[in-house]
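Predicted model only: the values in this text are computed from it and were never measured.
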Amino acid sequence: MRIGIDARVMTLKASGIGRYALEMIKSIASLPEAGDHEFILYPGRMTEILQLPDNWTYSTRKISSRGILRSPLFSLIAEHDGLDVFYSTDYLGPVLPMPCRTVITVHDLIPIIYPGIIKGFQHRLVGNYLLPHAIRHASVVVSVSEATKKDILDYIQIPEGKVTVVYEGKNPSFYPRLADNLTVRETRSYYGVGDCPYILCLSVCDPKKNASASIKAFAEMIRRLECECLLFMAGSAEKGERELERMAGELKVRDRVIFAGFIPDEQLPILMSGARALCFPSLYEGFGLPVLEAMACGCPVITSNISSLPEVAGDAALQVDPNDIQQLSRAMEKLLTDDTLYDDLKARGISRAKRFSWENAASQLLDILIATDT
């Protein structure tokens, strides 16, 4: 079987979706049963080139980064290359009828549910036209969580049997490091943390990650507890970071908040291992990979009780209303002061994270790709 894959977002520069594409494609390529098929990757401008088996090739056709140009061309590519299946690793799959089976992974429905989060004509076009059409035209829609599957069925109204849930996995680099590990200590020193306990927050410039609530809850906890603790804010420096810095100043905790900017991929597991907790009060997630990765590192998690996050966290995290600052503040306090709770959630998180693997996800997806039914 000849399988074409849209590999345009196969890069860590594409954030969570890029990580998904990289992990999924590497994991499929490592499956023995994948050797019976031919795979063609269609790259974009930033696609990472992986060392893959001989039955995997990179097409010389580079796919446009603009969905408005990309989606209508998929049918021509599939026809010209004689594809049996076309797979899109993100939801901007084909919007026109295809000459072969099509499978797309839908990570979330943000362009439809929260159209104001990302502004601009192209994103309105995605939410109003491209995404709904891609979902309707796909032979199979892969959802990364039951919550996202429910959103798809509620907003797009396609047959339930057309949507299959395949959970994400975790990279083997996410595992617990001991507190006295030299690399952990060097990393803490590099970011100015030292021996002070810290609460880690990620993707702080993404509005739906709700970083402002983390700062407000942290300030509330500091007023109440007067403890030695830092709030470590990780994420690319943008306008939103300046606003968060101003907020921290107004709340009189600026000297306790570290704005670290972008964190290299190899340092993230180390920072998770060294943190007292990951605070992830997101307002909406398709899956919530940081929660899984933190649990795998033995980092207790505070996260939201909405969207897909309860599916990932289960009983291995503190779940709170992301809009309730008091709840969030009390959760921070508990994990800073209650060593028994900290140890319990650490053990639960490590155990729960073992349920999610890219190998299992890849096996499920490959079965979907090579299925002969439509």
pair [X]-[Y]: side-chain heavy atoms closer than 4.5 Å:
| X | Y | value |
| --- | --- | --- |
| M1 | V85 | yes |
| I25 | W56 | yes |
| I215 | L251 | yes |
| S304 | L283 | no |
| I113 | D151 | yes |
| T89 | M10 | no |
| I370 | I3 | yes |
| L131 | I112 | yes |

Let me see the working for D195 and R185 under salt bridge (Lys or Arg N to Asp or Glu O under 4.0 Å), right down to the final yes or no. CA-CA 8 Å; D195 293 326; R185 297 189 66 83; 3.4 Å; yes
Are side-chain N/O atoms of [X] and [Y] paired as donor and acceptor at under 3.5 Å?
| X | Y | value |
| --- | --- | --- |
| Y284 | N210 | no |
| S30 | S27 | no |
| N360 | S363 | no |
| R224 | S329 | yes |

Examine H107 together with Y20 and report whether their ring centres are nearer than 6.0 Å. yes
Can we say [X] and [Y] salt-bridge, meaning some charged N sits less than 4.0 Å from an Asp/Glu carboxylate O?
| X | Y | result |
| --- | --- | --- |
| E245 | R242 | no |
| K170 | E293 | no |
| E160 | K149 | yes |
| K209 | E285 | yes |
| D84 | R101 | no |
| E250 | R246 | yes |

Which pair of heavy atoms, one from [X] and one from [Y], lies closest together, and at what distance?
| X | Y | value |
| --- | --- | --- |
| R188 | Y198 | NH1-CE2, 3.4 Å |
| A277 | L335 | CB-CD1, 3.7 Å |
| A248 | V257 | CB-CG2, 4.2 Å |
| L328 | A213 | CD2-O, 3.6 Å |
| A316 | M295 | CB-SD, 3.9 Å |
| T47 | Y58 | CG2-CE2, 4.3 Å |

Check which hydrophobic residues are tied to I270 through side-chain heavy-atom contacts below 4.5 Å, counting indirect links as well, and list them. V184
For side chain to side chain contact (heavy atoms under 4.5 Å, CB included), just list the numbers for Q364 and T164, CA-CA rounded to whole Å, side-chain angles, deciding distance to a tenth of an Å, and then say yes or no. CA-CA 10 Å; Q364 293 177 63; T164 300; 5.8 Å; no
To the closest 0.5 Å, what do you measure between CD1 (I135) and OG1 (T102)?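 So the gap between those two atoms works out to 11.5 Å.
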Here the gap from S173 atom OG to E266 atom CD, rounded to the nearest 0.5 Å, amounts to 9.5 Å
How far apart are the C-alpha atoms of L153 and V163, what are their side-chain angles, what is the distance that settles it, and do they pass the side chain to side chain contact (heavy atoms under 4.5 Å, CB included) test? CA-CA 8 Å; L153 297 175; V163 186; 4.1 Å; yes
Cation-pi check, R276 to Y342: give yes when NZ or CZ is under 6.0 Å from the six-membered ring centre and within 45° of the ring axis, no otherwise.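 Relative to the ring axis of Y342, which defines the angle, R276 lies inside both limits.
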Parallel under 30°, tilted from 30 to 60°, perpendicular over 60°: which one fits the rings of H137 and H133?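 If you compare the ring of H137 with that of H133, the planes turn out tilted.
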With sequence neighbours excluded, give me every ring-ring contact (aromatic ring centres under 6.0 Å, His included) pair touching residues 161-190. Y167-F356
Do L22 and L52 sit in the same hydrophobic cluster, where Ile, Leu, Val, Met, Phe, Trp and Tyr count as joined when their side-chain heavy atoms come under 4.5 Å apart?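 Yes, it is one cluster - the side chains of L22 and L52 are joined through contacts under 4.5 Å.
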